[in-house]
Each structure stands twice: as structure tokens, then as C-alpha cells.
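Note that the coordinates shown come from a computational prediction; the quantities given were computed from them, not determined experimentally.
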Amino acid sequence: MKDRIFALDIGTRSVTGIILEKRDQTYHMLDYYMMEHKERSMRDGQIHNVVAVSETIIEVKNKLESSHGSLSKVCVAAAGRALMTTQATASKSLQDTPITSEETIKHLELSAVQMAQLNLQKLQQDADLSSYYCVGYSVLHYRIDQQQIGSLIDQRGTEASVEIIATFLPKVVVESLLAALGRANLEMEALTLEPIAAIHVLIPESMRRLNVVLVDIGAGTSDIAITDKGTVVAYGMVPIAGDEITEAISDQYLLDFPSAEKAKRMIVDNGEAIVEDILGFEATITPNMIENDITDAIDNLATQISNEIINLNSHSPKAVMLVGGGSLTSGITNSIASKLNLPINRVAVRGIDAINQLEKTNKLPTGPDFVTPIGIGIAAKQNPVHYVSVTVNGNTIRLFEMKELTVGDCLIQSSIDIQKWYGK
């Protein structure tokens with residue numbers, strides 16, 4: 001079926017598969033299935049054991065194929081936690097001769113991207129530039145003689161400069177993803193980035209002029225994406241999420257990790273959980289008890305997320321949206337609001353009911369866990385990130401088509417100095 005989309009969200013704790021169908025301007029969710037990894041084959045969203053992860057993918061695929069027939073192509077997301085974002089500036093002497101072509105501006109932008117790549121190499125110490133993909137960049141500001149300007153075309157002055165924010169992805173993230181899919185006999189139909197997937201369905205372009213933060217609190221990590229001035233301006237990650245809350249429940253109530261995780265989910269679903277500790281004593285846990293008994297763990301999670309938001313955004317945003325299973329932690333919204341000095345109603349958990357493009361039916365799962373998988377399916381189909389192989393001076397390089405690629409993009413990825421090459 002031409003308009004059927006199979007998407008996988010390959011997370012730290014589990015793999016979620018969904019099948020969507022495009023109907024005119026909306027998407028209909030045909031089916032979904034979630035399965036936990038049998039062992040800790042992923043850490044902080046990065047595949048550590050390709051074979052074990054592929055086995056979970058195969059089981060999810062088989063389950064969905066039993067009802068919907070053969071599935072051979074899949075939309076997936078590269079882990080947002082692996083993204084590295086860095087800013088850089090490039091300038092050009094004008095000597096009172098104005099810039100008259102878009103090509104000159106493009107050259108200036110690519111010079112800035114190359115500076116960002118060099119900045120990243122310095123930050124990562126011994127990182128090899130070829131081991132990172134540049135997966136996109138946004139222009140933050142154009143300036144003439146340090147004065148911010150809307151466009152550089154026909155502006156007079158001594159110096160023109162551009163400031164960009166560029167995003168890079170380690171090669172190993174994509175290669176391990178391709179390897180796990182290959183073992184499951186799946187072809188990558190389209191790739192997106194996890195933070196882009198959630199933002200795509202919750203914060204449409206018309207809303208991106210607002211300074212809004214989206215936080216996906218998973219099991220191993222909390223991914224952060226920030227919009228402002230019509231674009232996505234920053235991505236970030238903190239290596240702390242739902243697992244730390246589970247560990248705190250485990251310590252407080254003397255439960256093993258699986259029992260603590262089960263109790264955490266029961267509290268969310270049923271309003272309470274009856275547990276038996278390792279000494280055989282039974283207890284009933286409620287959301288209020290959780291909030292009081294593991295305050296330190298909740299406070300730590302909120303502090304780390306809030307600090308990273310301030311670090312990326314430099315000030316408090318207008319609002320924060322939370323998705324992912326960890327966003328259901330008791331008291332987390334109020335704690336983040338307090339740390340960012342925001343009103344309580346400016347930090348909220350968003351579920352799939354907030355996805356306008358999704359047809360609402362009784363079969364839909366509830367809660368914020370499925371925002372990212374649905375986002376992966378829709379974003380990968382609407383704005384897919386294809387990658388192409390190009391040969392530069394006899395060396396094969398891979399590029400991500402997050403935008404229309406140019407020869408300049410190929411030169412940057414192959415570490416050729418852009419400043420020395422400038423076409424007539």
C-alpha cells in the first residue's frame with residue numbers, strides 16, 4: 001500500500017513500532033506494538049549490541065506483519081542525544097563594494113559551517129572531522145560592521161559577517177542503526193532526528209517564532225530542542241531521565257529494578273501501586289508518597305533539564321512542553337516551572353491528542369510515550385533526511401540531504417578549505 005508508513009522508535013529501554021496510513025491531509029494510526037529489550041543492549045540511546053537490538057526489532061516487525069503483511073522499508077530516527085551543536089562566525093571584507101549575489105552569501109555561510117566543524121574538533125580534542133556528519137545549519141544573524149541586518153545583498157560597509165548554528169552527528173550512530181536494520185531485513189526508507197520528529201508534530205513552523213522548549217524524557221536520557229525566530233535554534237541532552245526515578249523508587253521501597261519500574265507505571269495508570277518489598281512486606285504507594293519520598297531524585301532531574309535549557313537558550317523560554325514516558329513523573333512539571341521562573345501553566349505534558357495531523361480514534365494509545373514514534377513516521381515522510389554517497393578526489397563521503405546539497409557541502413565534509421576555493 002503506497003500511503004502506508006512503518007516507523008520504529010528504537011529507545012534505550014524498548015522498541016516501538018507503529019503503522020500509519022496517510023489519508024488526504026491527515027494520518028490514521030493502523031497499529032502499534034512496543035517491546036522491551038531483553039538485555040541492556042542500548043545505553044543512553046546509542047546501540048551497544050547490534051545483534052541484540054536487531055532481535056527486538058525483528059520481534060516488533062513480526063508482530064505487526066502478522067496483521068498487516070510484509071514490511072520491508074522503515075522510517076527511523078537518529079538519537080538526538082548524539083547531536084552536537086556549535087555556533088561559528090565567518091566574515092568577508094567589503095571595502096565599500098556591496099555583495100550582489102546569493103552565491104557570495106552562500107560561500108560565506110559555508111565558511112562559517114567549516115569554522116563550526118573546526119570548533120567541534122577542538123572541543124572533541126582528537127576527533128576526526130570525517131567521523132561526523134554535518135546534518136544541517138541555520139543562520140542566526142547577518143551583520144554589516146557588527147550591526148545586525150536582515151539581508152547582506154547591496155549593503156555597504158567595511159565587513160560583512162554571518163553567524164550560524166550547525167548540527168553534527170557522529171558517524172557511528174548512523175552506521176550502527178543501519179547495521180541493526182539490515183539484520184532485521186529492513187531498508188531505511190527515511191531518516192529523521194529524534195528531537196526534530198517530536199517538534200515536527202507538536203510545534204509546526206507557524207509556532208516556531210515563539211521561544212518554546214520541547215523535552216523528551218525517555219528512560220536513559222532527556223532530549224531537548226528549542227525553537228525561536230521561526231526555526232529550531234538548538235538541540236541538547238542530559239544523560240538522566242526515567243531510569244533515575246525508577247532507581248530512587250527501588251531504593252526507597254526496597255524493590256528490585258523491574259518491580260520498581262512496574263510500580264512506577266501502575267501509579268501513573270491506576271493512581272496507586274501495591275508492592276511487596278524484598279523482605280516480604282506489602283505497601284501501597286500513591287503519587288503523593290512518590291513526590292514526598294523521592295523529592296531529591298525528582299529535583300535532580302528537573303535541575304539538570306532546567307540548567308541545560310538555560311545553557312542552550314541563555315534565558316528562560318516562554319514555555320516548555322514535555323513528552324516521553326518520564327514526563328509523567330509526579331511533580332516534574334511544577335519543579336521545572338519553579339527552576340525556570342515560569343508560571344505553572346507554562347510547563348505541560350503533551351500527548352498524542354496534541355498532534356493535529358493525526359486522526360483521533362478510540363484505538364489510539366494515550367499519553368506522551370507515542371509522540372516521538374508518531375513524529376518519526378510523519379516527519380520522516382514529510383521531511384526525510386536522505387543520505388547520498390559522493391566522491392571527492394577519489395574518496396567516498398556520505399552526506400545527509402537535510403536541504404538541497406551543493407558542491408560546497410561536499411567540500412566541507414571532505415575537509416577541503418572552503419576559503420581557498422571560490423568559483424568564478
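A donor-acceptor pair under 3.5 Å is absent between the side-chain atoms of R350 and the main chain of V371, judged by distance alone. With R4 contributing its side chain and I19 its backbone, the two residues share no donor-acceptor pair below 3.5 Å. Judged by distance alone, with hydrogens and angles left aside, the side-chain atoms of S250 form a donor-acceptor pair with the main-chain N or O of L255 at under 3.5 Å. A donor-acceptor pair is defined here as one N or O able to donate and one able to accept, closer than 3.5 Å; such a pair exists between the side chain of E65 and the backbone of L71. S306 places a side-chain N or O within donor-acceptor distance of the main-chain N or O of A302, the cut-off being under 3.5 Å. Using modelled atom types, no side-chain atom of N311 and backbone atom of N307 make a donor-acceptor pair closer than 3.5 Å.
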| query | After noting the C-alpha distance and the side-chain angles of L186 and V76, does the key distance pass the side-chain contact (heavy atoms from CB on, under 4.5 Å) rule? | reply | CA-CA 11 Å; L186 283 169; V76 289; over 6 Å; no

| request: Start with the C-alpha gap between N211 and H315, add the side-chain angles, then the distance that decides, and say whether side-chain contact (heavy atoms from CB on, under 4.5 Å) holds. | output: CA-CA 10 Å; N211 186 204; H315 54 82; 3.2 Å; yes

| message | Y253 vs I290, test: side-chain contact (heavy atoms from CB on, under 4.5 Å). Steps then yes/no. | response | CA-CA 10 Å; Y253 303 108; I290 287 280; 4.2 Å; yes

| query | T372 and D216: side chain to side chain donor-acceptor pair (under 3.5 Å), yes or no, with the steps? | reply | CA-CA 8 Å; T372 298; D216 183 353; 2.8 Å; yes

| task | Before giving the answer on side-chain contact (heavy atoms from CB on, under 4.5 Å), spell out for L358 and L20 the whole-Å C-alpha distance, their side-chain angles and the decisive distance to 0.1 Å. | result | CA-CA 9 Å; L358 193 67; L20 294 172; 4.1 Å; yes

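Of the listed residues (R23, M29, E21), just one forms a side-chain contact (heavy atoms from CB on, under 4.5 Å) with E359, and that residue is R23. With I374 as the fixed residue, the side-chain contact (heavy atoms from CB on, under 4.5 Å) test singles out one of I18, T16, I5: I18.
Across all their heavy atoms, M266 and A273 have their closest contact at CB-CB, 3.9 Å. Across L301 and S222, no two heavy atoms sit closer than the pair CD1-OG, 4.0 Å. The shortest non-hydrogen separation linking S330 to I298 is O-CD1, 3.3 Å. The two residues V50 and S176 come nearest to each other via the heavy atoms CG2-O, 4.2 Å. Closest of all the heavy-atom pairs between A379 and A197 is CB-CA, 4.0 Å. Smallest separation of non-hydrogen atoms from S327 and I217: N-CB, 3.9 Å.
The line from CG of D256 to NZ of K262 is 10.5 Å long, rounded to the nearest 0.5 Å. Atom-to-atom distance recorded for T227:OG1 and R209:CZ is 10.5 Å, nearest 0.5 angstrom.
Residues V275 and S259 are not in side-chain contact: their nearest non-hydrogen atoms beyond the backbone lie 4.5 Å or more apart. No side-chain heavy atom of H37 sits less than 4.5 Å from a side-chain heavy atom of N49. V212 has its side chain out of reach of I226: every pair of non-hydrogen atoms, C-beta onward, lies at least 4.5 Å apart. With contacts defined as side-chain heavy-atom distances shorter than 4.5 Å, the pair V60/Y33 qualifies. Residues H200 and I378 meet the side-chain proximity criterion, which asks for heavy atoms closer than 4.5 Å. Residues I58 and N62 meet the side-chain proximity criterion, which asks for heavy atoms closer than 4.5 Å. No side-chain heavy atom of V213 sits under 4.5 Å from any side-chain heavy atom of L340. Residues M115 and T89 form no side-chain contact, since every pair of their non-hydrogen atoms from C-beta on lies 4.5 Å or further apart.
With respect to E55 and K38, no salt bridge is recorded, no charged nitrogen being found less than 4.0 Å from a carboxylate O. In summary, K106 and E103 do not engage in a salt bridge, as defined by a charged side-chain N under 4.0 Å from a carboxylate O.
Under the 3.5 Å distance criterion, with hydrogens and angles disregarded, a donor-acceptor pair is assigned to the side chains of T246 and E261.
Heavy atoms from other residues, nucleotides or ligands lying under 6.0 Å from CG of L210 number more than 12. Surrounding CZ of R265 are more than 12 heavy atoms belonging to other residues, nucleotides or ligands, all under 6.0 Å away. At most 12 heavy atoms of other shown residues, nucleotides or ligands fall within 6.0 angstrom of atom CG in N356. Crowding of D24 atom CG: a count of heavy atoms from other residues, nucleotides or ligands under 6.0 Å not exceeding 12. Under a cut-off of 6.0 angstrom, the local environment of CZ in R208 is crowded, with over 12 non-hydrogen atoms contributed by other residues, nucleotides or ligands.
In this view, D299 and K339 satisfy the side-chain hydrogen bond (donor to acceptor under 3.5 Å, both in side chains) rule, not counting sequence neighbours.
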